[in-house]
Amino acid sequence: MTQFTPPPPLSSTHTIDSFSPCMHFSGHQTSSAKGRSSVNSPAWTSHVTASTLATPPAPFMHSVPLPISSSNISYTGSQLHPVLESDRTGRLYFNIMNSPDHIQFKPNYPNNLRGLAHSPAVSRLTIAIPTFPRWTIEVANPAGVTLGDVLWAIYNKFQQPVDQSAYGMLSPEQQQVATQTFHARLAHQDGHSQGLRRFDCVGKKLYFVGLRSSSDGSPIWNLMLTSTFA
């Protein structure tokens with residue numbers, strides 16, 4: 001896809017003061033692992049690993065590890081993994097600009113990405129982005145969709161470039177946010193932008209705060225993002 005660079009933003013009352021992709025969050029950084037295991041694993045136990053992109057790691061602010069107590073976690077019935085449930089305070093630290101290799105979990109939540117995303121296991125999970133209905137995320141794993149599968153799929157979606165045609169499909173407000181965010185990032189990265197990316201279009205709302213079930217009862221989960229944790 002051809003790289004697209006939006007024109008510099010016009011003077012506006014809506015401005016993005018600075019570009020700051022990192023936020024300090026005290027918790028557990030995820031450990032990586034490889035290989036596949038049986039789908040018959042108990043709910044929320046270590047299962048299969050997420051696939052990864054050959055992408056250089058993004059800048060990361062290290063945190064102080066805190067103890068985790070799995071005894072405080074209880075999962076029953078058919079449900080989404082608690083780490084993925086919508087929570088405005090955030091149950092893990094995940095900036096969608098940075099790969100899941102840098103995710104940190106809050107205390108009392110499992111600190112690996114190999115657990116099943118849903119109990120019982122599902123082979124496919126559909127995620128909608130309410131403000132960008134064309135950007136549906138399909139997550140598939142025949143052995144059972146994992147936490148890693150979900151978070152890598154979200155990261156990969158927002159890393160995708162936005163060409164001029166896709167930019168033209170955005171609302172005027174979304175174009176303004178995308179343009180201002182892109183040029184703020186361009187200045188921060190000394191001109192090395194690699195073109196407009198989907199994460200530019202969400203402005204400062206870079207932080208994952210969970211998935212919310214659709215109000216119409218359809219098997220689609222809505223992606224919730226925020227600019228800061230409550």
Side-chain angles (χ1 to χ4, degrees), residues 16 20-23 25 27 30 44 50-53 55 58 78-106 109-110 113 115-119 121-141 144-162 166-167 169-171 173-175 177-178 181-182 185 196-230:
I16 294 178
S20 179
C22 294
M23 176 188 292
F25 180 90
T30 181
W44 317 136
S51 59
T52 59
L53 284 179
T55 305
S78 176
Q79 63 180 36
L80 197 67
H81 193 293
V83 165
L84 297 177
E85 291 178 352
S86 178
D87 182 344
R88 65 190 182 91
T89 65
R91 297 187 176 187
L92 49 76
Y93 173 78
F94 176 29
N95 181 328
I96 60 173
M97 284 185 61
N98 300 332
S99 83
D101 286 336
H102 303 300
I103 284 176
Q104 300 167 46
F105 292 79
K106 281 190 173 182
Y109 289 99
L113 301 181
L116 290 170
H118 190 277
S119 177
V122 294
S123 61
R124 183 174 296 275
L125 199 111
T126 301
I127 302 172
I129 308 172
T131 52
F132 300 92
R134 293 185 178 89
W135 296 1
T136 301
I137 303 170
E138 295 290 345
V139 190
N141 185 335
V145 172
T146 67
L147 293 175
D149 293 329
V150 170
L151 299 176
W152 273 101
I154 293 170
Y155 167 76
N156 291 342
K157 174 64 71 172
F158 283 97
Q159 288 294 312
Q160 292 177 358
V162 177
Y167 180 80
M169 294 180 183
L170 301 177
S171 70
E173 293 78 11
Q174 290 171 336
Q175 289 181 354
V177 170
T181 306
F182 170 80
R185 177 167 65 87
L196 187 68
R197 299 298 182 97
R198 293 193 178 194
F199 58 71
D200 290 316
C201 300
V202 299
K204 292 183 177 181
K205 292 186 176 181
L206 296 170
Y207 304 101
F208 173 85
V209 285
L211 303 177
R212 181 177 295 171
S213 58
S214 298
S215 57
D216 61 4
S218 61
I220 297 176
W221 297 91
N222 291 316
L223 175 65
M224 310 306 295
L225 299 173
T226 187
S227 57
T228 184
F229 293 115

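Everything numeric in this text was worked out from a predicted model, so none of it was measured.
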Would you check if [X] and [Y] make a side-chain contact, meaning some heavy-atom pair closer than 4.5 Å?
X    : Y    : value
F182 : C201 : no
T126 : E138 : yes
T131 : K205 : no
L84  : L151 : yes

[X] versus [Y], closest heavy-atom pair with distance:
X    : Y    : result
A128 : I220 : CB-CG2, 3.7 Å
R198 : P161 : NE-O, 4.4 Å
L170 : A178 : CD1-CB, 4.5 Å
S99  : W152 : CB-CH2, 3.7 Å
V139 : A153 : CG2-CB, 3.7 Å
E85  : R91  : OE1-NH1, 3.2 Å

Note to self: Would L125 and L211 count as a side chain to side chain contact (heavy atoms under 4.5 Å, CB included) here? Give the steps.
What the structure shows: CA-CA 11 Å; L125 199 111; L211 303 177; 4.3 Å; yes
Value rounded to 0.5 Å, distance of [atom1] in [X] from [atom2] in [Y]:
X    : Y    : atom1 : atom2 : value
I103 : F94  : CD1   : CZ    : 5.0 Å
D149 : L116 : CG    : CG    : 9.5 Å
I129 : M224 : CD1   : CE    : 12.0 Å
L225 : K204 : CG    : NZ    : 15.5 Å
F158 : D200 : CZ    : CG    : 11.0 Å
W221 : S214 : CH2   : OG    : 8.5 Å

Next item on the list: Just jot down the side-chain contact (heavy atoms from CB on, under 4.5 Å) partners of S171, sequence neighbours excluded, or say none.
Entry: E173, Q174
Item checked: With sequence neighbours excluded, residues passing side-chain contact (heavy atoms from CB on, under 4.5 Å) with S123 ->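 Once residues adjacent in sequence are excluded, S123 has no partner under the side-chain contact (heavy atoms from CB on, under 4.5 Å) criterion.
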Notebook entry, point to check: Which of parallel (below 30°), tilted (30 to 60°) and perpendicular (above 60°) describes F132 and W135?
Noted result: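 Rings of F132 and W135: parallel, under 30°.
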Next item on the list: Would you confirm whether K157, through its side chain, and T136, through its main-chain N or O, come within 3.5 Å as a donor-acceptor pair?
Entry: yes
Check: Is it true that a side-chain atom of Q159 and a backbone atom of M97 form a donor plus acceptor pair closer than 3.5 Å?
Finding: yes
Item checked: Which residues share a side chain to side chain donor-acceptor pair (under 3.5 Å) with Q175, sequence neighbours left out -> none
Next item on the list: In sequence, state the C-alpha distance, the side-chain angles, and the governing distance for V162 and F199, and then conclude on side chain to side chain contact (heavy atoms under 4.5 Å, CB included).
Entry: CA-CA 10 Å; V162 177; F199 58 71; over 6 Å; no
